Amino acid sequence: GSKMSRRNSTTPTGRKDATRLRIEKMEAGREQRRRAMQERKQTRKDEEERQRAIGNPGDVDFIGLVQAWRDEHSNQVQDHATNTSTVPKICICVRKRPISDKERAKKDHDSITCFHPLVTVHNAKLKVDGITKYIDHTTFKFDHAFDETVTNQEVYEYSTMPLIDFVCDGSGGRGTVFAYGQTGSGKTHTMEGIQTRVAEDLFHTISTGESGCTDENTLVSVAYFEIYGGYVQDLLNKRRKLRVLEDGNGEIVVTGLQEFEATDANEFLELIAAGNKARTTHSTEANDTSSRSHAICQIILRDDLSDKLRGKLSLVDLAGSERGSDTKSHNSQRRTESAEINTSLLALKECIRALDMNKSGTKHVPYRGSKLTLILKDCFTSRQAKTTMIATVSPGASSADHSINTLRYADRIKEQKVEDTKPSNKKSTAPMSRKPQAVKEKKKPLSNTTSAKKKHEDWQKAAETLFEQEEDLLNTHMSNISESAQLLTEEGRMLQQVQQEGVTPEEIEAYASRLEEIIERKIQLVETLEEKMASFRKTLQTEEELSKSIPIS
């Protein structure tokens, strides 16, 4: 009896001791986790402050993932090299600008790495659970990759300076430099820096007398015009409207365009400054002073006696490209401008694609898709033409998708192998003549002209529709992913609740009803995406067929 009494008296106490120990252990574990969480929060806060101090605000998790990638691949950086004696037919450069104040204000972190010759876009992503973060790395290789620390002088040395000797050798060489990229990515800043340095180098090269063009035998003149809203306007002559024609030799001529002689770098820069001031700019969502026109500055070297073309350098600052989502709050004029700009850039892309004759098996190049491609025709076809493209990209994470599109565009150009055309016995003439009255339009039967015009209008409508549908498809896809992630998170919570003990029949019924609604919504999302995809493919096929039907002459 006494043993039983002792067992009964000690067992509850022992249980209390064991329970208390477990509770104390659980409390200690919770306290340890709270301290660890507090330390992580403080570490994250310190890192955010450090990144903000160095001008790179944003999500520190994504910033850390990008930095880890850079640390791992920093040994890939190579030195820039150029050989001015062998200027490539096409040279592709990419320039990344620094993070802007506007991007800092919305906590946009740096998402692009330029390790010459490679450019990598670090696209911040969330897994389908809506929580787990990861980075999608997309890498491209170009002739030159310039990061945000590179100056205009360095960009000029590797992109444009090799063309100066080429156009000054007196053999009629045609060099073209054009800047392409998203609105606000730094195209105009880069092009204005190049214009300044071209003025200095061009007149220095001519004055030395070591090239084919010298002070004694060459006149330097400047023409500056823009393509805005389908019209060509002279920026040095009160924005007078001009016409783009083709002469009997197949050369493109901008009639009525005035050329102004420049005897030194100062006069040259005064003309450039006047043209830049006259350009059409408007505020857009991506940039407060966005260039809304394609600006073409042509420096023409002519023989002092015969007026024969000895060389020509064209500096083309393309209008800022914008996604449809970037134009949502524009007025109708801004939206129309954006549509025309993107259509002309699409036409340029189609011309570049068509240059790959060996793969496509066709010689058709749709230059008449836009005034821009018509004027730039000789930049890609002349046997004495060399082209440099500078693609500018914005570093902000919110621009990552558009940066990838810009880099794909540039990468597509470099894929082309532009073959020299056969030598022609026709006299080499500049696309702009001082005697426009001598230019004659080719006469065509009225029916053929009307038919060609109708085909071009149909293609232009299809191109605009294609661009709009592409943006709509991408936006629908992204919104579907976002909503699917939210539905998946909700499903996880529902499963947790229904698997708990003591679930009532009413709660199970509510679970089943809500699950049916979620399944129905998922089906709707997939069907909507399928419809938009089918419509996009149909329009794409139509646009390609119309592009091939546009007559080449």
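We use all heavy atoms of the structure for the numbers below, so side chains are in, but hydrogens, waters and symmetry mates are not. What you see is a predicted model; the values in this text were computed from it and never measured.
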Open item on the list: Working to the nearest 0.5 angstrom, can you tell me the gap between Ile296 CD1 and Ile375 CD1?
Closed with: 4.5 Å

Open item on the list: Any heavy-atom pair between the side chains of Cys91 and Met389 that's under 4.5 Å?
Closed with: no

- [ ] State, with a plain yes or no, whether a side-chain heavy atom of Asn152 is found less than 4.5 Å away from one of Ile194.
- [x] no

Open item on the list: Looking at every heavy atom in both Thr406 and Ala391, which two are closest together, and how far apart are they?
Closed with: CG2-CB, 4.0 Å

Task: Pairwise distance CZ(Arg302) to CG(Leu219) - rounded to 0.5 angstrom - done: 9.5 Å

Open item on the list: I need the Asp264 CG to Ile206 CD1 distance, nearest 0.5 Å.
Closed with: 11.5 Å

Open item on the list: Looking only at the side chains, is there a donor atom on one of Thr188 and Asp317 sitting less than 3.5 Å from an acceptor on the other?
Closed with: yes

Task: Glu216: side-chain contact (heavy atoms from CB on, under 4.5 Å) partners, not counting sequence neighbours - done: Thr214

Open item on the list: Just to verify, what does Arg95 make a salt bridge (charged side-chain N to carboxylate O under 4.0 Å, His left out) with, not counting sequence neighbours?
Closed with: none

Open item on the list: Has Glu72 got a side-chain atom pairing as donor or acceptor with Ala68's backbone, closer than 3.5 angstrom?
Closed with: no

Open item on the list: Quick check against the 3.5 Å criterion: does Thr388 have a side-chain atom that pairs as donor or acceptor with the backbone of Ser159?
Closed with: yes

Task: Residues Arg70, Asp110: salt bridge by 4.0 Å N-O rule - done: yes

- [ ] Report the residues that fulfil side-chain contact (heavy atoms from CB on, under 4.5 Å) with Asp59, sequence neighbours left out, ordered by chain and then residue number.
- [x] Arg44, Asp61, Phe62, Lys133

TODO: Without swapping roles, check the side chain of Ser306 against the backbone of Asp303 for a donor-acceptor pair under 3.5 Å.
DONE: no

Open item on the list: For a side-chain contact (heavy atoms from CB on, under 4.5 Å) check, start with the C-alpha distance between Tyr180 and Ile390, then their side-chain angles and the critical distance, and finish with the verdict.
Closed with: CA-CA 6 Å; Tyr180 167 80; Ile390 304 173; over 6 Å; no

- [ ] Return yes if some donor-acceptor pair links the side-chain N/O of His294 with the main-chain N/O of Ala319 below 3.5 Å, else return no.
- [x] yes

TODO: Compare every heavy atom of Val222 with every heavy atom of Leu236, then report the nearest pair and how far apart it is.
DONE: CD1-O, 4.1 Å

Open item on the list: Test side-chain contact (heavy atoms from CB on, under 4.5 Å) on Val232 and Lys371; report intermediate values, then the result.
Closed with: CA-CA 8 Å; Val232 182; Lys371 291 236 177 21; 3.7 Å; yes

TODO: Can you sort out the partners of Phe268 under ring-ring contact (aromatic ring centres under 6.0 Å, His included), two or more places apart, ordered by chain and number?
DONE: none

Open item on the list: Using side-chain heavy atoms (C-beta onward) and a distance below 4.5 Å, is Val253 in contact with Val244?
Closed with: no

Task: Contact check, side chains of Pro395 and Glu148, non-hydrogen atoms, under 4.5 Å - done: no

- [ ] With sequence neighbours excluded, tell me which residues meet ring-ring contact (aromatic ring centres under 6.0 Å, His included) with His137.
- [x] Trp69, His122

Task: CD on Gln195 to CD1 on Ile272, rounded to 0.5 Å - done: 5.0 Å

Task: Aromatic contact, Phe146 with His80 (centres under 6.0 Å) - done: yes

Open item on the list: Within the structure provided, determine whether Val220 and Ile299 are in side-chain contact (heavy-atom separation under 4.5 Å).
Closed with: yes

TODO: Can you see which heavy atom on Thr139 is nearest to which on Leu118, and at what distance?
DONE: CG2-CB, 4.1 Å

Open item on the list: Checking Ile112 against Thr120 for the side-chain contact (heavy atoms from CB on, under 4.5 Å) test, could you report, in this order, the C-alpha distance in whole Å, the side-chain angles of both residues, the deciding distance, and whether it holds?
Closed with: CA-CA 6 Å; Ile112 293 182; Thr120 301; over 6 Å; no

Open item on the list: Side chains of Tyr224 and Cys297, heavy atoms from C-beta outward: is any pair under 4.5 Å?
Closed with: yes

- [ ] Please determine, by modelled atom types, if Asp401 and Asn123 share a side-chain donor-acceptor pair under 3.5 angstrom.
- [x] yes

TODO: May I have all residue pairs that pass salt bridge (charged side-chain N to carboxylate O under 4.0 Å, His left out) and include part of residues 195-212, sequence neighbours excluded?
DONE: none

Open item on the list: Taking Lys96 first and then Asp147, would you say they form a salt bridge - that is, a charged N and a carboxylate O separated by under 4.0 Å?
Closed with: no

Task: Modelled atom types, side-chain donor and acceptor of Gln182 and Asn405, under 3.5 Å - done: no

Task: Closest contact, heavy atoms only, Glu267 versus Ala262 - done: OE1-CA, 3.6 Å

TODO: In plain terms, say whether Asp411 and Arg408 are close enough for a salt bridge, that is, a side-chain N and a carboxylate O under 4.0 Å apart.
DONE: no

Task: Distance-only side-chain donor-acceptor flag, Asp71 / Gln67, under 3.5 Å - done: yes

TODO: Rounded to the nearest 0.5 Å, what's the gap from CD1 on Ile90 to CG on Asp143? Could you check?
DONE: 9.5 Å

Open item on the list: For a side-chain contact (heavy atoms from CB on, under 4.5 Å) check, start with the C-alpha distance between Asn237 and Phe225, then their side-chain angles and the critical distance, and finish with the verdict.
Closed with: CA-CA 9 Å; Asn237 187 21; Phe225 58 99; over 6 Å; no

- [ ] Grab the two heavy atoms, one from Leu202 and one from Cys168, that are nearest each other, plus how far apart they are.
- [x] CD1-SG, 3.5 Å

Task: Electrostatic pair Asp234:Lys241 at N-O distance under 4.0 angstrom - done: no

Open item on the list: Any side-chain to backbone donor/acceptor pair from Ser293 onto Glu226? Under 3.5 Å, distance only.
Closed with: no

Task: Cys213 versus Leu301, closest heavy-atom pair with distance - done: SG-CD1, 4.0 Å

Task: Inter-residue atom distance Gln78.CD - Asn75.CG, 0.5 Å rounding - done: 10.5 Å

TODO: State, with a plain yes or no, whether a side-chain heavy atom of Thr113 is found less than 4.5 Å away from one of Val119.
DONE: no

Open item on the list: We want to know whether Asp108 and Ser398 form a side-chain donor-acceptor pair, criterion being a heavy-atom distance below 3.5 angstrom.
Closed with: yes

Task: Residues Glu103 and Arg97 bridged, charged N to O under 4.0 Å - done: yes

Open item on the list: Quick one about Ser394 and Ser399 (side-chain donor to acceptor, distance below 3.5 Å, no hydrogens or angles considered), yes or no?
Closed with: no

Task: Pairwise side-chain contact, Ile300 with Glu259, heavy-atom cut-off 4.5 Å (strictly under) - done: yes

